[in-house]
Amino acid sequence: MSGPFIVDAHAHTGAMSMFFCPESGAAELLARMDRLDIQCSLNAGSWTYLMGGGGEELEGLRREHEASGGRLLYLGVYDPRRGREALRELDQACRRPGLAGIKIHPTFHRTPAESPGYEALWRFAEEHDLTVLSHSWSSSEHNPAQALSLPGRFEVWVRRHPGVRLVLAHAGGRGDGRAEAVRLAREHRNVYLDLAGDIFCYRLVESLSGELPPNKLLFGSDFPWLDPRANLSRILLAEIPAEAKRRILRDNAQEAYQLNLSG
Amino acid sequence: MDRRVDGEAPGLEARIEALALERRQQAESLRPFDANAWLGEPAGFPLAREMQPPELLRALRGCGIQAALVSHWAGLRVAPQAGNSALAQALGGAGEALRACWTGLPLFPREGGPLPGAGSLPLAAGAVRLFPRSHNFPLAYWVIGELCSWLTEHRLPLFLWHVEIDWPSLHALAVAFPRLAIVVETQTQKILYQNRALFALMKDCPNVHAETSNLAGADFLRWAARELGARRLLFGSFLPVNDPWVALGMILEADLSWEEKRLVAGDNLRRLLPEARA
Ligand SMILES: [Zn+2]
């Protein structure tokens, strides 16, 4: 194939309040995708949606999917504090094209990942064959709420729902969460890791590639928090075989989110 | 996995290798000069590993980076004097490719040991960094004015992590010393949440620059180059904590002219550093 081929498995769109970000919309994301050989991006929700918004935000993502000619797939957000409502919205979204999975964020939603508040979400994902993407991180002095998203907390669900694919975003972060994330991805067929965010650690791509089965690591940008360029070159230039790069940049996302990229 | 993709795999891998090669060649031709490489045991990054000078040089060269301004973690973790001594020792035979960024303290009350502004300037010293928050002094004229005058006189740029400063104090200092080159570094947490202050400061104070290792928001390099000028941005890798290809990749792929990329990758830092004295 000669066109764009990369899958950005973790992006967002929409206005941000807590930092200056002049170019955060779907049109700007698409312009960068064209520029950087990115065929398709998974939109894991706007800031408003992640922070407790509901149906209208989901509808906005669906419209962006349509307007993009299918290049922006999207994830619905499940906030356990409004769980029943969220599932009702997701149930509707399942019947329409473009929904690629469900995003959860234990840290933003102030709910430990193992909390029973997530039970209905895992059952729903199993019934509808949807992938779950969750924020994951290490314990942090600077932000104690990160402890709610420690990778080990997800293990109870991964065991109970082996049919649900779980992607741990940020591969457990820059500290003690990393080893746990790697362990989960090695021990459980249904656990994947993405590289989104500023886990810019030296030789991370090389070390994760060495530690994980070849189908487990996904490229993600976390646009607009980060420019897709930040994580793209380090994968292209990593000291790993071209086949491993191809998997990270495309095939693994295709498997983890069951994407049909034939267009 | 579907069959069609498997059939495409060899073609895609060839494209990936071509993209990688193109970037590697571009990186070399930008003549990168890294503003942010470190020796010693990293503090606050539990998974990062210390590198000795030869390994650091190899890692830099592996990314096409020609030279680096090098700091020492002991300057933060132990004491500025300890970091400066360790740096002088480590860089003794390292040659022109590695220049030292010393750690400083206020000049009064006078403290012993190797410090910028006290005694003779060490060979190969190219810049000075302060850690006002960690070393417990305010970033104020009445505390570090004397040091800033000395830096200005010796044409040494002043480096500061954004997590070590408060913005109103830095603004006052930049206004008080308009001929002092100040470099705001985007470590040790991403500067994203501080970028309203950073960009406003840079607009108001032409002597303020930004280091780019974590200036990673969507198209920030292009935006900053258009609004503030490419001469205000300095490539930093934050090696060995970070992968240099992150910061280099953002420059390589940025929507900037070739000349602008050259400035950001290394020529701006070359311009700011005083001549190395043999
Ligand atoms: Zn995200």
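Within every chain, numbering begins at 1; the chains are lettered A, B, ... in the order of the sequence lines, protein sequences first and strands thereafter.
- With a 4.5 Å cut-off on non-hydrogen atoms, B:Phe199 touches chain A through its side chain but not through its backbone.
- B:Arg24 touches chain A through backbone and side chain together, each having a heavy atom under 4.5 Å away.
- Contact annotation for A:Ile6: neither backbone nor side-chain heavy atoms come within less than 4.5 Å of a heavy atom of chain B.
- Here A:Arg165 pairs with A:Asp129 in a salt bridge; the nearest charged N to carboxylate O distance falls below 4.0 Å.
- Looking at B:Leu239, the atoms closer than 4.5 Å to chain A (heavy atoms on both sides) all sit in the side chain, from C-beta outward.
- No side-chain donor-acceptor contact under 3.5 Å links B:Arg232 to the backbone of B:Ala210.
- Contact annotation for A:Ser17: only backbone heavy atoms (N, CA, C, O) come within less than 4.5 Å of a heavy atom of chain B.
- Highest contact tally toward chain B, considering only A:Arg35, A:Arg203, A:Met18, is held by A:Arg35 [criterion: heavy-atom pairs under 4.5 Å].
- Between chain A and the residues B:Leu248, B:Ile251, B:Ile16, B:Leu21, the most heavy-atom pairs under 4.5 angstrom are made by B:Ile16.
- Proximity to chain B (any heavy atom under 4.5 Å) is shown, for A:Pro241, by neither the backbone nor the side chain.
- Comparing B:Pro46, B:Ala27, B:Ala48, B:Gly217 by how many heavy-atom pairs each has under 4.5 Å with chain A, the most go to B:Gly217.
- Heavy atoms of B:Ser237 lying under 4.5 Å from chain A are absent altogether.
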Next on the checklist: Checking B:His162 against B:Gln189 for the side chain to side chain donor-acceptor pair (under 3.5 Å) test, could you report, in this order, the C-alpha distance in whole Å, the side-chain angles of both residues, the deciding distance, and whether it holds?
Outcome noted: CA-CA 8 Å; B:His162 79 93; B:Gln189 293 150 16; 5.6 Å; no

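- With salt bridges taken as basic N to acidic carboxylate O contacts below 4.0 Å, one links B:Glu17 and A:Lys245.
- The contact between A:Asp37 and chain B is made entirely by side chain atoms (from C-beta outward), counting heavy-atom distances below 4.5 Å.
- Between A:Arg174 and A:Asp198, at least one side-chain N (NZ, or NE/NH1/NH2) sits under 4.0 Å from a carboxylate O, which counts as a salt bridge.
- Between B:Arg129 and B:Glu164 there is no salt bridge, since none of the side-chain N atoms of the basic residue sits less than 4.0 Å from a carboxylate O of the acidic one.
- Ion pairing between B:Glu260 and B:Arg226 holds under the 4.0 Å rule for side-chain N and carboxylate O.
- Heavy-atom minimum distance, B:Thr212 versus B:Ala247: O-CB, 4.3 Å.
- Contact annotation for A:Leu36: only side-chain heavy atoms (C-beta onward) come within less than 4.5 Å of a heavy atom of chain B.
- Looking only at distances, no side-chain donor or acceptor of A:His170 sits under 3.5 Å from a matching main-chain atom of A:Ser136.
- Of the atoms belonging to B:Val241, it is backbone heavy atoms, and not side-chain ones, that fall under 4.5 Å from chain A.
- We find the CZ-CZ distance between B:Arg77 and B:Phe131 to be 11.0 Å, quoted to the nearest 0.5 Å.
- Residue B:Gln194: no heavy atom, backbone or side chain, is found under 4.5 Å from chain A.
- When heavy atoms are compared at a cutoff of 4.5 Å, B:Ala14 does not approach chain A at all.
- Options B:Gly249, B:Ala216, B:Pro244 differ in how many heavy-atom pairs under 4.5 Å they form with chain A, and the most are formed by B:Ala216.
- Remark: side-chain polar atoms of B:Asn268 are paired, donor with acceptor, to backbone N or O of B:Leu233 under 3.5 angstrom.
- Contacts between B:Glu253 and chain A at a heavy-atom distance below 4.5 Å involve backbone atoms as well as side-chain atoms.
- Looking only at heavy-atom pairs under 4.5 Å with chain A, the residue among B:Asn214, B:Asn195, B:Leu252 that has the most is B:Asn195.
- Closest approach of A:Asp194 and A:Ala169 over heavy atoms only: OD1-CA, 3.3 Å.
- The candidate from A:Ser138, A:Ala179, A:Cys21, A:Ser2 with the greatest count of non-hydrogen atom pairs under 4.5 Å with chain B is A:Ser2.
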